[in-house]
Amino acid sequence: QIVNKQLASVNLFSEIIQSEESLASTVIVEKTLFGEESKELTFRISKINKVESINLLFFVDEGKGDLIIELNRHEIYKGPVNVNDLPISLPKSLLRNINSLRFSVSSPSFLGKNRFELRDISVFKRIKEENSREIRSFVLTRNELSGIKAVTLFYTVNCFTANEDGNLRIS
């Protein structure tokens with residue numbers, strides 16, 4: 001007697017999801033002998049343990065002095081900004097579910113003014129989405145169980161691309 005039990009399909013995958021989050025269209029920071037104007041921006045990460053990388057990108061319309069960028073109160077960048085410095089990689093070890101980026105500028109010379117005007121500030125997130133394990137169960141009646149001498153599992157692997165690699169283990 002052959003008993004056929006259909007199991008629901010299993011979808012195992014691993015892919016990198018890329019997204020962009022615009023934080024501000026314009027940020028102006030400046031410092032003089034008499035005061036300072038800094039700017040703080042926040043962004044969220046819902047799946048912190050799945051972050052592959054997060055990069056900060058912006059354009060500099062005006063810049064004098066050293067731009068200082070802090071991520072969650074830790075300095076991650078200080079210096080003049082040129083195109084080779086961008087994008088700025090945000091250290092994964094400093095990332096939280098809710099993150100704060102603070103932009104400020106270094107102190108000027110006596111009676112001077114240091115100033116940065118930044119445009120189109122965005123973070124580019126690379127998040128790894130994966131489903132690497134699935135469980136399927138089946139139920140046998142008492143009659144079906146009593147007549148079983150052997151069980152055979154037939155399966156088909158359906159790869160979406162030709163360069164899939166990895167191990168498939170069925171227990």
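Below, all heavy atoms of this structure are taken into account, side chains as well, without hydrogens, waters or symmetry copies.
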Quick check: is Leu41 connected to Ile68 through a chain of hydrophobic side chains (ILVMFWY, heavy atoms under 4.5 Å apart)? no
Tell me the closest heavy-atom pair linking Lys113 and Pro108, and the distance in Å. N-CB, 3.7 Å
Could you check whether any side-chain heavy atom of Leu23 comes within less than 4.5 Å of a side-chain heavy atom of Phe58, counting everything from C-beta outward? no
Between Leu56 and Pro87, is any pair of side-chain heavy atoms under 4.5 Å apart? no
Atom pair CG (Asp85) and OH (Tyr77), whose distance is rounded to the nearest 0.5 Å: 3.5 Å
Carboxylate-amine/guanidinium proximity below 4.0 Å for Arg102 and Glu36: yes
Between CD1 of Ile76 and CD1 of Ile88, what distance do you get to the nearest 0.5 Å? 6.0 Å
Could you check whether any side-chain heavy atom of Val123 comes within less than 4.5 Å of a side-chain heavy atom of Asn99, counting everything from C-beta outward? no
What distance separates Arg96 CZ from Ile45 CD1, expressed to the nearest 0.5 Å? 10.0 Å
Would you compute the distance between atom CG of Asp120 and atom OG1 of Thr26 and round it to the nearest 0.5 angstrom? 7.5 Å
Is Asp66 close to Pro80 at the side-chain level, that is, under 4.5 Å between some pair of heavy atoms? yes
Quick check against the 3.5 Å criterion: does Asn114 have a side-chain atom that pairs as donor or acceptor with the backbone of Ser106? yes
Compare all side-chain heavy atoms of Lys39 with those of Ile28 and state whether any distance is below 4.5 angstrom. no
Side chains of Ile127 and Ser19: closer than 4.5 Å at any heavy-atom pair? no
Taking it one step at a time, do Val60 and Val83 satisfy side-chain contact (heavy atoms from CB on, under 4.5 Å)? CA-CA 9 Å; Val60 178; Val83 73; over 6 Å; no
I want to check something: taking the side chain as every heavy atom from C-beta on, are Phe43 and Leu95 in contact at a cut-off of under 4.5 Å? yes
Run Lys125 and Val51 through side-chain contact (heavy atoms from CB on, under 4.5 Å) and show every step you take. CA-CA 8 Å; Lys125 304 173 187 175; Val51 170; over 6 Å; no
Hey, does Ile98 have a side-chain heavy atom less than 4.5 Å from the side chain of Arg44? yes
Leu57 with Ile54, same ILVMFWY side-chain cluster at under 4.5 Å: yes
Does Val29 belong to the same Ile/Leu/Val/Met/Phe/Trp/Tyr cluster as Phe59, with side-chain heavy atoms less than 4.5 Å apart forming each link? no
Rounded to the nearest 0.5 Å, what separation is found between the CG atom of Leu101 and the CG atom of Leu90? 6.0 Å
Are Leu94 and Ile121 linked, directly or through other ILVMFWY residues, by side chains that come within less than 4.5 angstrom of each other? yes
Without swapping roles, check the side chain of Asn72 against the backbone of Ser100 for a donor-acceptor pair under 3.5 Å. yes
Output for pair (Ile69 CD1, Ser104 OG), nearest 0.5 Å, gives 9.0 Å
Using the rule given for side-chain contact (heavy atoms from CB on, under 4.5 Å), can you reason through Ile16 versus Lys128, listing the C-alpha separation, both sets of side-chain angles and the distance that settles it, and then say yes or no? CA-CA 5 Å; Ile16 302 296; Lys128 185 174 188 176; 3.9 Å; yes
